[in-house]
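The structure appears right after this line, and notes come after that.
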Protein chains: 2
Amino acid sequence: MTSSRNPRSAPTRHSREDVADAALDILNSFGLADLTMRRLAQSLDVQPSALYWHYENKQSLLAHLADLIVEVPSSETSPGTDRVRARCLALRERLLAYRDGAEVVASTLALGLGAEAPGIDLTAALVDAGTDPETAARVSGVLLHFILGQVSHEQQRAQAGSLGAAAPTDTSESESAEFGFGIDLILGGLATLR
Amino acid sequence: MTSSRNPRSAPTRHSREDVADAALDILNSFGLADLTMRRLAQSLDVQPSALYWHYENKQSLLAHLADLIVEVPSSETSPGTDRVRARCLALRERLLAYRDGAEVVASTLALGLGAEAPGIDLTAALVDAGTDPETAARVSGVLLHFILGQVSHEQQRAQAGSLGAAAPTDTSESESAEFGFGIDLILGGLATLR
DNA sequence: ACCTGAACACCGTTCAAGT
DNA sequence: ACCTGAACACCGTTCAAGT
């Protein structure tokens, strides 16, 4: 929302959340590769060093962004494993809502610096559906890896296509279908475990 | 193999493969973060700019590494979907054989710059096991996303643990079990599709 | 509480020129 | 065929000092 600064304005002070918002703006407008501390500082009319008052380093900023991307309104929908499926689709939507969203979340998760909400959420939904806790944790891991991998792939392809010479690949239509297939495959596997 | 240069030697000339070997040495000794063009050049006793005679840019070097990591001796083992399982385990071993191997392969694959062999291989094995080609391609995608995600996670945790304060996480023993569980879950799902 | 200014130690890449 | 030298346009991070 607060992307560009008015030139030659009063020296505005910023909060941690201001910084995160500006970072999300850059992410969505230009992608992860262009989200540098220096560029972020520039968009806030501030010196790069100022950012280190708000965040210990770039990784912890990215971890914060990952948490924001992943935080879900948690709307209660269908019961049973249909709820698991719904949560997976909702997570995909959250990831697609930000450019490079999946990569930001995947790397934060890999480094163990945040973005744990979806895993907890999915595991809980699976337990709710009658899965024992250990199996639920493992299935949730499989789902998460698939979701992050598939959506990263999707997002990278979208970017490559936006500057490449008209890649004749499938549209987002068939990507949703492929995604649903993957989720159903994994949940189908779960069903045979009973 | 050819990691360090003797100081003050004759100006050795290098081939494209020499560069790749030196890069894999750095990868295994110090990890992806330390694999910079400047550092690679230094290890070859060469100016950074010399590398751009061998590779168009860093990404294409990484793509070459990904192909090398992933190229598998293709030993024919068990038949049916057991062969699929065996291929998945073999791929995991290849990825684990290089530090950050999964990340290198995943990013190359995401960018569409190489490392396509495992996908082709897995799809073929699935077709061989009686799966129709389109389903085989999709299942192979699910398997690949899981494998790359899980192994990245594994490798990142190993590195974090090597410098962190003795993370009381599970050993590689249970990581193999978790991996096998994931593969079986997905292949179990495939079985229900018949 | 939040930021500046200046510095440190790096990056990837290009390009004319050399052998 | 393979490399040098020099430059360009960047990075993340630290830290004393300012308000």
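Remember, it's a predicted structure, so these values are computed and weren't measured experimentally. Chain letters run A, B, ... following the sequence lines, proteins first and then strands; every chain starts at 1.
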Original post:
On DNA chain C, nearest-nucleotide positions of B:Asp34 versus A:Ser15: which is more 5'?
Top reply: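 Looking at the nearest nucleotide for each, A:Ser15 comes out on the 5' side.
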For the pair made of [atom1] in [X] and [atom2] in [N], what is the distance, rounded to whole Å?
{"X": "B:Gln59", "N": "C:dC11", "atom1": "CD", "atom2": "C1'", "answer": "14 Å"}
{"X": "B:Asp45", "N": "D:dT4", "atom1": "CG", "atom2": "C1'", "answer": "13 Å"}
{"X": "B:Arg38", "N": "D:dC3", "atom1": "CZ", "atom2": "C1'", "answer": "16 Å"}
{"X": "B:Tyr52", "N": "C:dA16", "atom1": "OH", "atom2": "C1'", "answer": "17 Å"}
{"X": "B:Gln42", "N": "C:dC11", "atom1": "CD", "atom2": "C1'", "answer": "14 Å"}
{"X": "B:Met37", "N": "D:dC3", "atom1": "CE", "atom2": "P", "answer": "13 Å"}
{"X": "B:Asp18", "N": "D:dA1", "atom1": "CG", "atom2": "P", "answer": "16 Å"}
{"X": "A:Leu61", "N": "D:dG12", "atom1": "CG", "atom2": "P", "answer": "10 Å"}

Checking contacts here: which listed nucleotide ([options]) is nearest the side-chain heavy atoms of [X]?
{"X": "B:Trp53", "options": "D:dC3, C:dA1, D:dG12", "answer": "D:dC3"}
{"X": "B:Gln47", "options": "D:dC3, D:dT4, C:dC11", "answer": "D:dT4"}
{"X": "A:Arg13", "options": "D:dG12, C:dC2, C:dT13", "answer": "C:dC2"}
{"X": "A:Val46", "options": "D:dC3, D:dT13, C:dT4", "answer": "C:dT4"}
{"X": "B:His14", "options": "C:dT4, D:dC3, D:dG12", "answer": "D:dC3"}

Original post:
In dot-bracket form, how is DNA chain C paired, counting a Watson-Crick or G-U wobble pair only if both its distances are under 3.5 Å and using | for bases paired to another strand?
Top reply: ||.|||||...|||||.||
Taking atom [atom1] in both [N] and [M], compute the distance separating them and give it to the nearest angstrom.
{"N": "C:dC2", "M": "D:dA17", "atom1": "C1'", "result": "13 Å"}
{"N": "C:dC10", "M": "D:dA9", "atom1": "P", "result": "22 Å"}
{"N": "D:dC8", "M": "C:dC11", "atom1": "C1'", "result": "12 Å"}

Subject >> Partner set under ring-ring contact (aromatic ring centres under 6.0 Å, His included) for B:Tyr52, not counting sequence neighbours >> reply: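 B:Tyr52 satisfies ring-ring contact (aromatic ring centres under 6.0 Å, His included) with no other residue.
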Checking [X] side chain against [Y] main chain: does a donor-acceptor pair fall under 3.5 Å?
{"X": "B:Gln156", "Y": "A:Gly112", "value": "no"}
{"X": "B:Asp100", "Y": "B:Glu103", "value": "no"}
{"X": "B:His14", "Y": "B:Leu44", "value": "yes"}
{"X": "B:Arg99", "Y": "B:Ser29", "value": "yes"}

Original post:
Closest approach of B:Phe146 and B:Ile186, non-hydrogen atoms and distance?
Top reply: CB-CD1, 4.0 Å
**OP:** Look at the side-chain N and O atoms of B:Thr36 and state whether any lies under 4.0 Å from the OP1 or OP2 oxygen of C:dC11.
**Re:** yes
Original post:
Can you check whether A:His54 has a side-chain N or O nearer than 4.0 Å to OP1 or OP2 of C:dC3?
Top reply: yes
Original post:
With a 4.5 Å limit on heavy-atom distance, are the side chains of B:Leu51 and B:Leu61 in contact?
Top reply: no
Subject >> Salt-bridge present (A:Asp18, A:Arg13; N to O < 4.0 Å) >> reply: no
**OP:** Please figure out whether A:Ser49 or B:Ser49 has its closest DNA chain D nucleotide nearer the 5' end.
**Re:**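 Checking each residue's closest nucleotide, the 5'-ward one belongs to B:Ser49.
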